[in-house]
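I have placed the structure first, in the form of structure tokens, so that the comments after it can refer back to it.
In each ligand, atom 1 is the first atom listed, and ligand 1 is the first ligand listed. For this chain, numbers begin at 1 and follow the sequence in order.
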Amino acid sequence: MKRILTSGIMALLAIVLAAPAQAQQTSAAKKQFITQLMQRMTLDEKIGQLNLLTSDMDVTGPFVRPGYKKDIEAGLCGSIFNAYTPQYTRKLQEMAMGTRLKIPLLFGYDVIHGHKTIFPIPLGEACTWDLGLMEKSARIAAQEASADGLHWTFSPMVDIARDPRWGRVAEGVGEDTWYGVQVAKAKVKGYQGTDLAANNTILACVKHFALYGAVEAGRDYNVVDMSRRRMMQDYLPPYRSAVDAGVATVMTSFNEVDGIPATGNKWLMTELLRKQWGFKGFVVTDYTAINEMINHGVPKDEYEAAALALNAGVDMDMQGSVFATQLKKLLQDKKITLQLINDAVYRILAAKYDLGLFKDPFKYCDTVRAAKEIMSPENLQAAREIAQRSIVLLKNETQLLPLKKQGSIAVIGALANSQRDVIGNWSAAGDAGKAVSLLQGIQNKLGTAVKVNYAQGAHITSDTGLLKKAMQKQRLEAADTANSAQLLSEAVALAKQSDIVIMALGESQGMTGEAASRSNISIPESQQELLKAVYATGKPVVLVLMNGRPLTLEWEDAHIPSIVETWFLGTEAGNAIADVLFGDYNPAGKITMSFPRNVGQIPIYYNHRTTGRPIDPNNKYSSKYLDVANEPLYPFGYGLSYTKFTYGSLQLSKPQITAAAPLQVSVNVSNTGNYDGEEVVQLYIRDKVGSVTRPVKELKGFKKIFLKKGESQTVTFTISVEDLKFYDKDMRWNYEPGAFTVFVGTNSRDAQGVDFTLN
Ligand code: BGC
């Protein structure tokens, strides 16, 4: 026995000792391979590797190279996006294999919240507060994407977003930096796995570097301006976290950073990203972002723009063709160096090497795998579970929910029978035909035992100008044909005949996401009118929201007894919502972006700093609005359950923390309601006095626990000085002695605090 053990340990030791040596060998082999390949490449072929062109399947900007296939055949294009399926990518890859050096193409795509099995939009999924699940959805997305011919996803998007007018808040995880840091890591791990050479892992791309989430007035593609301190403290950490997790690629952003377009910003890409953070992968631009710098008014023309971008640290030009047309001349004119081109080529070839494409360029073009692995029953089951856990119960005053599986139910609303909307924006390869609408989900659950009737009730909006701008063709046609008054009276009549009304209202998917900013973020007026008319019947109403951003819901909150936030939940949406409405799953989601009371409160976020004149209702000259409260309608971290969680008082292990000795804070949480359920116990810290002003509180931890009805659990967090660090007055990442408060509670507003000190 002992001998077996010893020899086992010896073998293990041999593996452990061999691992770094092996890694060194691989990296030496890789270096040699790429260097030798590059020695054979012409300048045109090198520049071709820096050229990423779109195929014709999907586009989000100008389509500048209709002749992209000719470029592939000539070896002048190294990567393609918006092309997938094993058949199609094989066809394009064969073209690359017909070129002189047979350098394989890299296929990228926006696999944002699932590839074919669509998961909740990221802002919805963030409400799970379950990092394991967020990693899992990325893992499944990578498995499906790689089975469908893809090598590279343009995800995760980690832009901190505090302005819900911006349509792209849907793509990220909301307003909190610390939370964004955790999710960034989980996503990179999910996509890339532990071995990029496996055939079911893909390159991740953290975007949009940097600060895109802070576009002024929430208008997409707009300018950004912020202090270096705010950048470092609040906006940059999630990108950094992705880099630390080994993200293979970084995408630039459309905005400027400190007056210089991000895509031409050397401080950002070379000083910070490469030198300080040690990023080793390649940097790709956003869609035609090099060209667009000309509109920013920094470079004069494409010639200057290409030089600015390459010199700043860009490796790959997405769809702009500016590198393709300008680099040769720039090199002749000595505006750039060959070294810079070589470095960029090397990094891109290294990514292809890491994926194993030089060994087998067709390894992701496997039709058998595609048929077996895409939208498998296990993937759909995971989508359903993640969708359930993304749902947030915003209000349930009269305990109307969960509903009984009996009587007659009216399902009303322009979103109630929609398959397209529930998969949300950026569900690029998603198949709406396979998605479960709310109506279908309810019918699946109730079968014939309960009478379920449906009425559309209203158009998504009567603002046809908006629908035109949002390119919502079908919605526009529908708005032009059906008569609104008739839709409304049908719905009211149906409500009157029913015991209960479920209303699915909110935004269509096209009203959210990229290029979908709104200055008014309420439920559109046509649907509000419907809601008010149905409410006036006196029937109990459950409002099921579908939307890609926090909405303003003051009237709804004041009148409607039960409100359920469902975002756009993906392929299994209808089933997951029905699970929650009928009590087969007890909701536990918590929002990660504050819901403002009105647009005038924006930007609104929980971890703001204090003013010299904090709000005082009795003092006119204090920081407040005359017409609305300072607080949001629903704060960060908020979400209810069908059961009730009761928190005991906070216990500190000791009143002082030191660098060497962390402290513990504990609280007893009891499930004192009538259902089993999950609770996200949240930990926030306030640094009371600093060399710079500090936020009123900052999230520093959370634990998601499950408690059966009647059960209790003590939840303990460890706080170390690491949790107290910030950029001090000299911009050093440091902690300072003084007094702190730690808060633990059910959301950022409802949390008990207790003080401790650091000497
Ligand atoms: C978006 C990116 C996206 C790219 C490629 C751009 O318009 O800003 O997020 O990855 O298009 O589709």
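For the pair E171 and ligand 1, no heavy-atom separation below 4.0 Å is found. Within the 4.0 Å heavy-atom shell around ligand 1 one finds H208. Contact analysis leaves M157 out of contact with ligand 1, as no non-hydrogen atom separation drops below 4.0 angstrom.
Of all the atoms in ligand 1, the ones that sit under 4.0 Å from a non-hydrogen atom of K207 are 2 (C), 3 (C), 9 (O), 10 (O). Heavy-atom proximity to E514, at under 4.0 Å, picks out these atoms of ligand 1: 1 (C), 6 (C), 7 (O), 8 (O). Near F254, the atoms of ligand 1 lying under 4.0 angstrom from a non-hydrogen atom of the residue are 7 (O), 8 (O). Close contacts of ligand 1 with F154, meaning ligand atoms under 4.0 Å from a residue heavy atom, involve 10 (O).
Y605 carries R162 over the face of its six-membered ring, with the cationic atom under 6.0 Å from the centre and within 45° of the normal. Cation-pi check for R389 over W129 is not met; the charged atom does not lie both under 6.0 angstrom from the ring centroid and within 45 degrees of its normal.
We find the NZ-CG distance between K185 and D244 to be 8.5 Å, quoted to the nearest 0.5 Å.
Using modelled atom types and a 3.5 Å distance limit, the side chains of R230 and Y235 yield no donor-acceptor pair. Residues D220 and S517 bring no donor and acceptor atom of their side chains to less than 3.5 Å of each other.
The minimum heavy-atom distance between V181 and S241, with the atom names listed, is O-OG, 2.7 Å.
If you look at Q319 next to ligand 1, there are no close heavy atoms at all, none under 4.0 Å.
The distance criterion of under 3.5 Å between nitrogen or oxygen atoms is met by D286 with respect to ligand 1. Ligand 1 has an N or O atom lying under 3.5 Å from an N or O atom of D110, backbone or side chain. The N/O atoms of N82, backbone and side chain alike, include none that comes under 3.5 Å of an N/O atom in ligand 1.
Proximity of a side-chain donor or acceptor of N51 to a complementary backbone N or O of L76 within less than 3.5 Å is detected.
Sorted by first then second residue, the side chain to side chain donor-acceptor pair (under 3.5 Å) pairs that include residues 145-155, not counting sequence neighbours, are H115-D148, S146-R369, W152-T249, S155-Y191.
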